[in-house]
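Have a look at the structure below before the remarks.
Residues take their numbers from the sequence shown, with the count starting at 1.
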Amino acid sequence: MLVCRHCGAVNRHLSHKCTTGPSHASNPVPLIEDPAWATTVRDLSDPAYIAWLSEQHELVRNEIKQLTSRSERTNGDIELEGAAKALMHAGWRHGPYVHDPDVPKASWKKFIFKVQTHGDGRVCFKRNRMAIHFEDTRGEMRMLNAKNFFTKATPEDNQLKKVRNAVRDSPEWMQRPSSCELTLDGLARRVLEVFPEVEYRRAGNVEIFVNSARGRKARDDDVYTFVKEELQSSVHTGNATQTIEASDSSTRAGETSLGRAVRTQVSLLGPPRSPEFAVSEVDSLHAVVLHIGRMPQQASSALLSSDLAAAARADGLDVEPNWANGAKIFVPIAAEDIPADVALRPWHVLVHEEDRPRVDEILHTLRCRERPRIKSSRLLRSGQHDDEEEALVFDVQHTFIHLAEPWITPRSDVAHSCDGASPPKGNPRAHWRPMSDLFAQLKDCHNRRDLAGATQCYSSILRHCGAPSIHIFTILIDICGKIGAHDDAERWVQVMQDDHGIQPTHVTFNCLINGYAKAGETAKAEKWFDAMMQADMKPRALTFRCMIRAFSAQGRVEQAMSCFSVAQSQCNMMDVDVTTYMIVMRMCAREGLDDELEACHDKLKCAGLDCARHVFRAVISGYADARELDKVKTWCSRAKEAGFEPKLHEYTQLLRACGPKESQPANPDQGREIFLRQIAEGIAPDSANLEALTDALGQRAYNRLCQELHVHTRAAHLNWWPDSRNISKPMRLARQILSLSFSSDVAHGEL
């Protein structure tokens with residue numbers, strides 16, 4: 001047993017590593033604000049400025065060490081003021097960040113730091129992350145890496161670093177073939193070339209590529225598929241290079257690579273009958289540059305996995321050479337054979353002229369939405385140079401120039417059954433789409449919260465089916481409310497009323513009120529509630545629930561309780577559902593209104609509603625918001641008496657209750673014990689559970705505990721990470737620490 005000589009902790013740390021020891025208790029040198037932080041202009045070409053950055057960067061590092069030590073001693077967050085706050089603001093201004101809020105940024109970067117627009121903002125050192133956090137314009141705290149402060153890195157360097165870290169942490173990179181010659185920096189640059197607005201996010205201790213349209217931590221399959229294909233294709237690069245070099249060494253001087261390669265292919269067909277035959281075969285083979293309208297990941301994968309690509313690789317070709325900038329090369333050609341006015345990009349495909357229909361067949365195997373079109377094509381001749389004049393090629397039939405018909409017949413505008421005697425009749429199936437298909441497409445956009453797609457469906461409905469119904473506008477308004485586009489929602493209401501004369505219904509008003517309630521904009525929610533009353537519509541139970549949610553989010557307890565009383569009096573007691581009671585009970589628990597909470601719980605039982613597990617969880621979550629650990633334990637015990645054993649959600653709320661708040665520090669001892677009991681019960685953690693544990697213990701203690709229990713934090717943060725999630729070993733270690741037996745009686749003991 002190890003006992004610390006300074007703080008008396010048992011089996012926690014050695015004495016010389018104690019944060020309360022003499023080596024950590026010395027008073028730091030007070031920080032003095034430097035006027036140069038605000039007056040120095042960022043000029044990376046000035047050597048004196050670079051030297052000044054090094055001095056200030058060291059100052060930031062020392063300040064972070066002092067903040068870390070102080071945060072571990074106090075078990076709480078630190079709000080920075082004075083010189084420390086000015087130092088962090090100056091470090092951000094002299095770091096690899098975009099400081100002008102008017103500069104265009106990626107569509108997924110939806111927040112702006114308050115220091116960008118107001119010149120000031122909160123700066124906090126969070127204990128759970130051991131990192132600096134800046135306040136954004138919406139009042140949320142965003143984490144920043146202070147190691148980037150006062151550095152000569154640029155925003156492009158910072159983006160490349162993030163992408164490189166995401167590639168390095170990906171399972172595809174970890175499982176790459178041993179013969180792969182592609183470097184980490186090279187692959188990261190390729191990702192940025194193909195996906196210039198790639199979205200990345202920090203998840204635990206790893207950087208990941210995400211698709212925010214599907215979720216905050218949803219895997220971006222397109223990027224990871226691209227990384228996997230790049231790694232696989234790089235394995236063949238060495239063989240292809242050796243083949244090309246061998247071919248170059250055996251050819252005549254002055255002949256282009258395309259002519260040499262075509263001559264080589266002709267020689268493989270067999271010995272020519274005469275020199276004229278060989279020349280005619282060479283002249284008949286040409287390369288075509290196809291310009292694809294767009295190149296989604298599905299189309300790129302289809303081309304790279306096609307027979308064309310397989311045949312090119314079998315001939316020793318690199319189908320995606322570095323000089324092609326992402327273009328697909330299915331012919332033996334070199335960079336010097338590409339004309340100067342042709343700039344290859346990822347949407348270009350080079351094939352033999354006779355293989356052009358095969359590319360069309362490959363693209364037609366894709367779904368309609370994923371299928372790109374070939375916008376244009378250009379013919380490249382073997383041995384043709386930029387200064388040579390290309391000969392005009394045409395077909396003469398019966399002394400007339402023959403123009404071949406397009407290989408795709410355009411859609412007819414008239415019915416083919418019309419004869420020449422009668423005037424042509426319009427084909428009703430040429431542009432007609434049934435309303436049922438469009439409405440199903442709109443519902444699909446509603447499920448995916450795709451406002452752009454829903455707007456396109458609305459335009460199609462106007463064009464094919466005439467005036468839309470109230471259901472169409474209600475779906476559009478609900479999508480706007482769920483994604484936070486409240487201005488667009490009000491514009492749709494105006495279009496519905498002014499352009500089509502349609503008045504909103506109960507459902508329409510509820511969508512508007514619910515959208516503003518979830519966003520915390522109580523004033524606008526009240527405005528639409530009043531508009532509903534002016535339209536002589538009696539509010540329903542769902543309407544009151546939305547208003548109660550809005551008042552609860554703002555902490556307006558009196559208005560929420562008053563609205564709850566009105567809902568019980570105006571609506572049928574059975575119409576007020578369990579969800580409304582849960583919102584009120586969680587608010588009472590969060591605000592410490594124990595009597596009102598018990599009264600609401602009794603009314604729930606009197607109404608004949610089922611007091612299921614989620615009702616207890618609402619109360620537990622409310623007390624966890626208030627960091628009331630004892631009350632959280634009490635309601636966990638009451639839930640257990642009702643037949644609901646503690647699960648992952650209950651343990652997560654217990655850990656949240658151990659976190660710090662303004663009036664009290666964190667409780668790391670209780671947090672450690674709760675997590676040990678959770679693992680001993682065989683309950684695997686998830687991302688929310690680990691975040692609550694980090695908040696309770698601090699980043700360093702969290703890392704030590706997870707390493708001690710062999711908890712796979714990466715797989716817990718990302719449900720798509722490849723891992724078997726075997727909890728048997730952490731469970732055995734946790735039981736050993738808690739001195740628990742393997743009997744079921746002890747394993748399912750009281751919390």
Is any side-chain heavy atom of [X] closer than 4.5 Å to a side-chain heavy atom of [Y]?
X      : Y      : value
Trp92  : His99  : yes
His486 : Lys524 : no
Val632 : Cys636 : yes
Ser71  : Asp77  : no
Lys85  : Glu79  : no
Lys65  : Thr68  : no
His446 : Lys482 : yes
Phe509 : Thr543 : no

Could you tell me whether the side chains of [X] and [Y] share a donor-acceptor contact shorter than 3.5 Å?
X      : Y      : answer
Arg704 : Gln707 : no
Asp34  : Gln56  : no
Ser69  : Arg73  : yes

Check whether [X] reaches the backbone of [Y] with its side chain - one donor and one acceptor, N or O, closer than 3.5 Å.
X      : Y      : answer
Gln116 : Val98  : yes
Asn75  : Pro665 : no
Glu135 : Arg122 : yes

[X] [atom1] to [Y] [atom2] distance, which is reported to the nearest 0.5 Å:
X      : Y      : atom1 : atom2 : result
Ile620 : His649 : CD1   : NE2   : 7.5 Å
Phe226 : Arg190 : CZ    : CZ    : 4.0 Å
Glu72  : Arg127 : CD    : CZ    : 8.0 Å
Asp46  : Lys152 : CG    : NZ    : 13.0 Å
Ile674 : Cys658 : CD1   : SG    : 4.0 Å
Lys114 : Asp136 : NZ    : CG    : 9.5 Å

Any chance you could lay out the salt bridge (Lys or Arg N to Asp or Glu O under 4.0 Å) test for Arg61 and Glu63, step after step, and finish with the verdict?
CA-CA 5 Å; Arg61 292 184 59 185; Glu63 186 67 19; over 6 Å; no
List the atom of [X], the atom of [Y], and the distance in Å for their closest heavy-atom pair.
X      : Y      : answer
Cys600 : Tyr581 : SG-CD2, 3.5 Å
Leu648 : Pro685 : CD1-CA, 4.1 Å
Gly453 : Cys445 : C-SG, 3.6 Å
Ala188 : Leu160 : CB-CD1, 3.8 Å
Gly671 : Leu693 : O-CD1, 4.2 Å
Ala146 : His57  : O-CE1, 4.4 Å

Note to self: Aromatic contact between His94 and Trp37, with the criterion being ring centroids under 6.0 Å apart: yes or no?
What the structure shows: no
task = Please find out if less than 6.0 Å separates the ring center of Phe113 from that of Tyr97.
result = no
State plainly whether the residues Glu526 and Arg556 are in salt-bridge range, i.e. N to O under 4.0 Å.
yes
Exercise. Identify whether the distance between the nearest side-chain nitrogen and carboxylate oxygen of Arg672 and Glu708 falls below 4.0 Å.
Key: yes
task = Dump the intermediate steps for side chain to side chain contact (heavy atoms under 4.5 Å, CB included) on Met585 and Glu596, then the final yes or no.
result = CA-CA 8 Å; Met585 293 172 69; Glu596 288 79 356; over 6 Å; no
Which donor-acceptor pairs under 3.5 Å do the side chains of residues 511-519 make with protein atoms, sequence neighbours left out?
| residue | atom | partner | partner atom | Å |
| --- | --- | --- | --- | --- |
| Asn514 | OD1 | Arg549 | NH1 | 3.2 |
| Tyr516 | OH | Glu490 | OE2 | 2.6 |

Step through the shown structure and confirm whether more than 12 heavy atoms of other residues, nucleotides or ligands are within 6.0 Å of [atom1] on [X].
X      : atom1 : result
Lys147 : NZ    : no
Glu140 : CD    : yes
Arg70  : CZ    : no
Arg142 : CZ    : yes

- Task: Run the numbers on Lys161 and Asp157 for salt bridge (Lys or Arg N to Asp or Glu O under 4.0 Å), then give the verdict.
- Result: CA-CA 6 Å; Lys161 174 185 174 183; Asp157 298 335; over 6 Å; no
Please lay out, stage by stage, how Thr151 and Leu53 fare under the test side chain to side chain contact (heavy atoms under 4.5 Å, CB included).
CA-CA 6 Å; Thr151 58; Leu53 284 179; 5.9 Å; no
Could you go through Phe473 and Asp478, starting from their C-alpha distance and side-chain angles, then the distance that decides it, and tell me whether this counts as side chain to side chain contact (heavy atoms under 4.5 Å, CB included)?
CA-CA 9 Å; Phe473 286 106; Asp478 190 43; over 6 Å; no
Partner of Tyr224 under ring pair (Phe, Tyr, Trp, His ring centres under 6.0 Å), picked from Phe209, Tyr200, Phe195, is Phe209
From the list Gln559, Arg586, Arg590, side-chain hydrogen bond (donor to acceptor under 3.5 Å, both in side chains) partner of Ser552 resolves to Arg590
Q. Yes or no on salt bridge (Lys or Arg N to Asp or Glu O under 4.0 Å) for Asp695 and Lys126, after CA distance, side-chain angles and deciding distance?
A. CA-CA 9 Å; Asp695 198 23; Lys126 292 284 188 179; over 6 Å; no
task: Kindly determine whether Phe529 and Phe544 satisfy side chain to side chain contact (heavy atoms under 4.5 Å, CB included), including the steps that lead there.
output: CA-CA 9 Å; Phe529 183 83; Phe544 285 110; 4.3 Å; yes
Criterion salt bridge (Lys or Arg N to Asp or Glu O under 4.0 Å) on Glu650 and Arg617, from CA distance to verdict: CA-CA 7 Å; Glu650 283 74 17; Arg617 286 183 171 180; 2.9 Å; yes
| In terms of ring plane angle, is the pair Phe134 and Phe149 parallel, tilted or perpendicular, where the classes change at 30° and 60°? | tilted
